[in-house]
Protein chains: 2
Amino acid sequence: MRVNQLANETGVSVDTVRYYTRIGFLKPTKNPSNGYKEYCAKEKRRMRFILSARQLGFSVSDIAEILDTADQGESPCPLARRLIQKRLEENEKGFQDSQRLRQRMYSAVRDWETKPDRAPTGNMICHLIEEFSESG
Amino acid sequence: MRVNQLANETGVSVDTVRYYTRIGFLKPTKNPSNGYKEYCAKEKRRMRFILSARQLGFSVSDIAEILDTADQGESPCPLARRLIQKRLEENEKGFQDSQRLRQRMYSAVRDWETKPDRAPTGNMICHLIEEFSESG
DNA sequence: GTAGACCTGTGTCCTGGTCACAGGTCAACT
DNA sequence: AGTTGACCTGTGACCAGGACACAGGTCTAC
C-alpha cells in the first residue's frame with residue numbers, strides 16, 4: 001500500500017500521512033525499485049489510532065509518548081489518563097478565552113454600527129478600533 | 001527609547017516588540033554608535049494600536065493591511081469592518097469546534113473512570129482511546 | 001581595569017500540517 | 001517504439017505569532 005491508498009482508506013490527505021511518516025509514527029518500508037514508501041496493515045491500524053487520539057485532543061507529542069510506551073509493551077493507559085487531564089485543562093482555558101474574544105468581537109461590531117468611518121489623523125490610526133479599546 | 005523600555009511601557013515582551021519590528025510594523029531608527037534600535041513616541045502609539053487590534057481578534061496580516069491603508073492616508077474603517085466580520089465567523093467556528101472537543105474529552109474522562117488499564121496487544125495500542133473512539 | 005549584571009540583535013524553533021516543485025510511473029494512443 | 005498526459009511520489013520550504021538560545025555589547029561598581 002502506498003501513501004495515496006493509505007490516505008484514502010483513512011480519510012486524510014497524503015500530506016498528513018507523509019507528515020506522520022516524517023516524524024516517525026509510521027515506518028513504511030522502501031520499495032527499492034522506485035523509492036516509494038510501502039505501508040502495511042499494521043501502519044494502517046497505527047494511523048487509525050493516531051487519528052482517534054487526535055480526535056480526543058491529544059497533541060502529536062502526546063501521541064509520540066503513548067506510542068513509545070506501547071511499543072515497549074507497557075500499558076499506555078495511565079499515561080493517556082494523565083495527558084488527557086492536562087489537555088482538558090488547556091482546552092478549557094482556550095475555550096474560555098475564545099468565548100471572551102467572541103463576546104468582545106460581537107460587542108465591537110454592534111458598537112461600530114452607529115459609528116462613521118473616519119480618516120486617520122496624526123495620533124489615530126483606526127478610530128473604530130482605538131475608541132472601542134478605550135471604552136472596553 | 002529602546003526595545004526594553006517600549007516593551008515595558010506597553011506590557012509585552014521584548015520578543016513581541018522585536019517580532020513586530022521584524023515584520024515591519026515598527027520602524028525604529030538605528031543608533032549608529034551601537035547598532036541599537038531606537039523607538040520614538042509614534043512607534044509607541046503604533047504598538048498600542050497593534051495590541052488593541054490583536055485584542056479584537058485581528059490577525060497580524062489584517063493589521064498589516066489596516067496599517068498600510070492608514071499610512072496612505074485612507075480611512076481603514078471599512079476594511080476593519082469587513083475583516084472583523086470574517087474573523088468573527090472563523091472564531092465562531094473555532095469556538096464550536098472547541099466546545100465539541102471539550103465535550104468529547106469530558107465524556108472520555110468519565111467513561112474511562114470505570115475502565116481498567118490494559119497492556120497493548122497485537123492490534124490494540126491503547127484500549128481506552130480506541131474503545132472510546134469506536135463507541136463515540 | 002575588570003567582574004558581573006543586564007541588554008541587544010540575529011537566528012532557530014515550535015504545531016500540525018499544507019503547498020510548490022521537479023521528476024517518476026503507467027496506460028492509452030499514434 | 002515513441003510519446004502524450006494524467007497521476008503519483010519524495011523532498012524541502014512555508015504558514016502564525018511569537019518564544020528561546022546564543023554570542024557579544026554596554027554600563028555600573030569596585
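Each chain gets a letter, A, B and so on, in the order its sequence line appears, and its residues count up from 1. Just so it is clear, the values below take in all heavy atoms, side chains as well, and ignore hydrogens, waters and symmetry mates.
- For the pair B:Gln5 CD and D:dT26 C1', the interatomic distance rounds to 16 Å; values are reported in whole Å.
- Considering only side-chain atoms of B:Arg2, the nucleotide from C:dT10, C:dT8, D:dT9 that sits closest is C:dT8.
- A sub-4.0 Å separation between OP1 or OP2 of D:dT11 and a side-chain N or O of A:Lys37 is present.
- Nearest-nucleotide positions on DNA chain D place B:Ser61 closer to the 5' end than the other of B:Tyr36 and B:Ser61.
- Atom-to-atom, CD1 of A:Ile63 to C1' of C:dG16 comes out at 11 Å; the value is rounded to the nearest Å.
- Taking atom CG of residue B:Leu6 and atom C1' of nucleotide C:dG9, one finds them 16 Å apart after rounding to whole Å.
- Taking only side-chain atoms of A:Asp15, from C-beta outward, the nucleotide of C:dC19, D:dT9, C:dC7 with the closest atom is C:dC19.
- Here C:dT8 presents its P atom at 12 Å from CE of B:Met1, a figure rounded to the nearest Å.
- With contacts defined as side-chain heavy-atom distances shorter than 4.5 Å, the pair A:Lys115/A:Leu128 qualifies.
- Both B:Asn4 and A:Ser33 lie close to DNA chain C; mapped to their nearest nucleotides by heavy-atom distance, the more 5′-ward contact belongs to B:Asn4.
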Given salt bridge (Lys or Arg N to Asp or Glu O under 4.0 Å), test A:Arg118 with A:Glu131 step by step and report yes or no.
CA-CA 12 Å; A:Arg118 295 177 61 186; A:Glu131 286 170 13; 3.6 Å; yes
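- Within a 6.0 Å radius of NZ in B:Lys42, no more than 12 heavy atoms belonging to other residues, nucleotides or ligands are found.
- B:Asn34 comes within contact range of the sugar-phosphate backbone alone, with a heavy-atom separation under 4.0 Å but no base atom that close.
- Using bins of under 30°, 30° to 60° and over 60° for the plane-to-plane angle, the ring pair B:Phe132/B:Trp112 lands in the perpendicular bin.
- Residue A:Tyr19 contributes atom OH, which lies 17 Å from atom P of D:dG12 at whole-angstrom precision.
- Within the 4.0 Å cut-off from OP1 or OP2 of C:dT10, not a single side-chain nitrogen or oxygen of B:Arg18 is found.
- Here the P atom of nucleotide D:dG10 and the CG atom of A:Asn31 are 10 Å apart, to the nearest Å.
- Computed from coordinates, the B:Gln55 CD to D:dG17 C1' distance equals 15 Å when rounded to whole Å.
- An OP1 or OP2 oxygen of C:dG16 is reached within less than 4.0 angstrom by no side-chain nitrogen or oxygen of A:Arg22.
- The side chain of A:Tyr20 contributes an N or O atom lying less than 4.0 Å from OP1 or OP2 of C:dG17.
- Residue B:Val14 is classed as having no contact, given no heavy-atom separation below 4.0 Å to the nucleic acid.
- Considering only the side chain of A:Thr16, C:dT18 comes nearest among C:dT25, C:dT18, C:dC7.
- Within the structure, a side-chain polar atom (N or O) of B:Ser13 is placed less than 4.0 Å from OP1 or OP2 of D:dA19.
- For the pair B:Ile23 CD1 and D:dC14 P, the interatomic distance rounds to 17 Å; values are reported in whole Å.
- No cation-pi contact links B:Arg2 to B:Tyr36, judged by a cut-off of 6.0 Å to the six-membered ring centre and 45° from its axis.
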